[in-house]
Amino acid sequence: MSEEIIARPLITITNIIWSFNRQTHEMQLLLIKRSEAPFKDAWALPETLLRSTESADDAALRLIKDKIGLEVRLTATEQLATFTAPHRSVGERALALAYMTFLPAMPKLKPGYGAVAADWLAFENFGHHYLLSDGRHRFDLSNTSQALAFDHDQIVTTAIQRIRNKLDYQPTVLQVLGPTFTLKEAREVYAPFCQLTADQIDNSNFRKTHHHLFKEVGTATIRKRSGRPPKIYSLASLPNPLERSKIDNN
């Protein structure tokens, strides 16, 4: 007997939206609480259905605008992977095109369509598992956990691993700091992905091994302590938004 052919699966756009809390010096990930079945009242990544008149890139940007009211450039978002496991959704077969987005600000959240709540959660790395928490909610994630709806645990862990793997050659995650940053701020972003603290990353060695990734653009105008004001850097280059990574996780 031949296997059934899936002619028209649902195509969802799932977005892993990162930012950085400058008060707590922590990486943040956006989660929403679903208002509709399947997985009603479960926490999940923001997602939307792909419309017939838009590309996946366009849908990823629309999702950000719909969910948190921000318009961002295409360079702030990048494809992560395509998730196609047969039982990743309940009922109708659904494929997820996953994106990552790096926001330089943490806007006040107002749940959009399909959500009853939206929160920023701090990210911590414990090696064998990852923690997302905000004081009220706590989610322990791994490739095999089911703390979030659908297969979003796997999508988040894939995103974390992708960022970690790119830190030494294309650290697009630093866009959470805005157009410019100090090396200390860069180390604070790197730290949780490396399962370290910022102080455990030696500043001199970091400057030496990563100088080709950054471009010095000036000096900070405000001193936070005695001594020389820190130098300000920007990313030396951003990836071409047309060069997308397409990885199929089954």
Side-chain angles (χ1 to χ4, degrees), residues 11-22 26-32 43-51 54-83 96-115 118-123 130 132 134 139 141 148-167 170-179 181 185-186 189-190 192-193 234-235 237-247 249:
I11 300 177
T12 63
I13 304 298
T14 304
N15 211 324
I16 306 98
I17 302 176
W18 295 95
S19 194
F20 185 76
N21 188 322
R22 292 182 180 275
E26 294 175 312
M27 286 294 298
Q28 305 283 316
L29 185 67
L30 177 62
L31 293 181
I32 59 100
W43 286 85
L45 295 165
E47 63 178 13
T48 188
L49 288 173
L50 179 66
R51 297 174 180 175
E54 64 185 357
S55 68
D57 287 353
D58 292 338
L61 298 181
R62 173 179 57 79
L63 173 59
I64 300 167
K65 184 177 180 180
D66 289 350
K67 296 296 183 184
I68 57 178
L70 283 183
E71 293 191 21
V72 300
R73 296 180 178 180
L74 187 56
T75 52
T77 188
E78 62 186 59
Q79 276 193 22
L80 173 64
T82 304
F83 294 81
L97 306 182
Y99 281 73
M100 290 192 295
T101 299
F102 307 112
L103 297 183
M106 292 175 57
K108 186 176 181 180
L109 299 175
K110 182 179 180 181
Y113 176 77
D119 283 317
W120 290 107
L121 290 94
F123 160 58
Y130 308 114
L132 301 177
D134 66 354
F139 303 98
L141 309 181
L148 304 177
F150 304 104
D151 56 353
H152 290 186
D153 291 50
Q154 181 189 0
I155 294 177
V156 172
T157 59
T158 300
I160 293 169
Q161 292 161 6
R162 171 68 62 79
I163 291 171
R164 173 67 185 89
N165 291 340
K166 292 176 63 177
L167 288 178
Q170 196 178 79
T172 49
V173 66
L174 290 178
Q175 292 179 93
V176 298
L177 297 173
F181 48 85
E185 290 171 331
V189 170
Y190 270 58
F193 295 100
S234 66
L235 283 172
S237 64
L238 289 173
N240 185 329
L242 297 179
E243 295 176 358
R244 299 300 190 175
S245 174
K246 298 178 176 63
I247 298 178
N249 289 278

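This one's a predicted model, so the numbers in the text were calculated from it and none came from an experiment. Just so you know, these numbers use all the heavy atoms, side chains as well, and skip hydrogens, waters and symmetry mates.
- Side chain of H152 to backbone of L45: a donor-acceptor contact under 3.5 angstrom is found.
- Side-chain contact between F139 and D153: absent, with no pair of heavy atoms (C-beta onward) separated by less than 4.5 Å.
- Scanning both residues, D134 and W120, for their nearest heavy atoms gives CB-O, 3.6 Å.
- No side-chain donor-acceptor contact under 3.5 Å links S19 to the backbone of V176.
- T48 contributes atom OG1, which lies 11.5 Å from atom CD1 of I64 (distance to the nearest 0.5 angstrom).
- Of the possible donor and acceptor atoms, none in the side chain of R164 sits under 3.5 Å from a partner among the backbone N and O of P192.
- Taking CD of E78 as the start and CD1 of I16 as the end, the distance is 9.5 Å to the nearest 0.5 Å.
- For F102 against I163, the heavy-atom pair with the smallest separation is CE2-CD1, 4.1 Å.
- For P46 against I17, the heavy-atom pair with the smallest separation is CG-CD1, 4.2 Å.
- Distance check, rounded to the nearest 0.5 Å: CD1 of I160 to OH of Y130 gives 5.5 Å.
- Side chains of E71 and L61 form no contact here, defined as non-hydrogen atoms less than 4.5 Å apart.
- Closest approach of Q79 to R162, counting heavy atoms only: O-NH1, 3.7 Å.
- For F123 and F193, the ring centers sit closer than 6.0 Å to each other.
- Using a distance-only test at 3.5 Å, with no hydrogens or angles considered, a donor-acceptor pair links the side chain of Y190 to the main chain of L167.
- One distance of note links OG1 of T101 with CG of L74; it measures 9.5 Å at 0.5 Å rounding.
- Every residue was checked against the side chain to side chain donor-acceptor pair (under 3.5 Å) condition with Q28, not counting sequence neighbours, and none meets it.
- When atom types are taken as modelled, the side chain of E54 and the backbone of R51 share a donor-acceptor pair closer than 3.5 angstrom.
- Side-chain contact between F83 and T158 is present, with heavy atoms from C-beta onward closer than 4.5 Å.
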Checklist entry - Between W18 and L29, is a side chain to side chain contact (heavy atoms under 4.5 Å, CB included) present by the stated rule, with each step listed? => result CA-CA 5 Å; W18 295 95; L29 185 67; 3.9 Å; yes

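- Heavy atoms only, all atoms of each residue included: L174 and A186 are closest at CD2-CA, 3.9 Å.
- A distance-only check finds a donor-acceptor pair linking the side chain of T77 to the backbone of M100 [under 3.5 Å].
- Taking each heavy atom of A56 and I13 in turn, the nearest pair found is CB-CD1, 3.9 Å.
- Within the 3.5 Å criterion, the main-chain N or O of E47 finds no donor-acceptor partner in the side chain of T14.
- The CD atom of Q175 sits 10.0 Å away from atom CG of L177, with the distance rounded to the nearest 0.5 Å.
- Remark: L97 CG to T12 OG1 distance equals 7.0 Å, nearest 0.5 Å.
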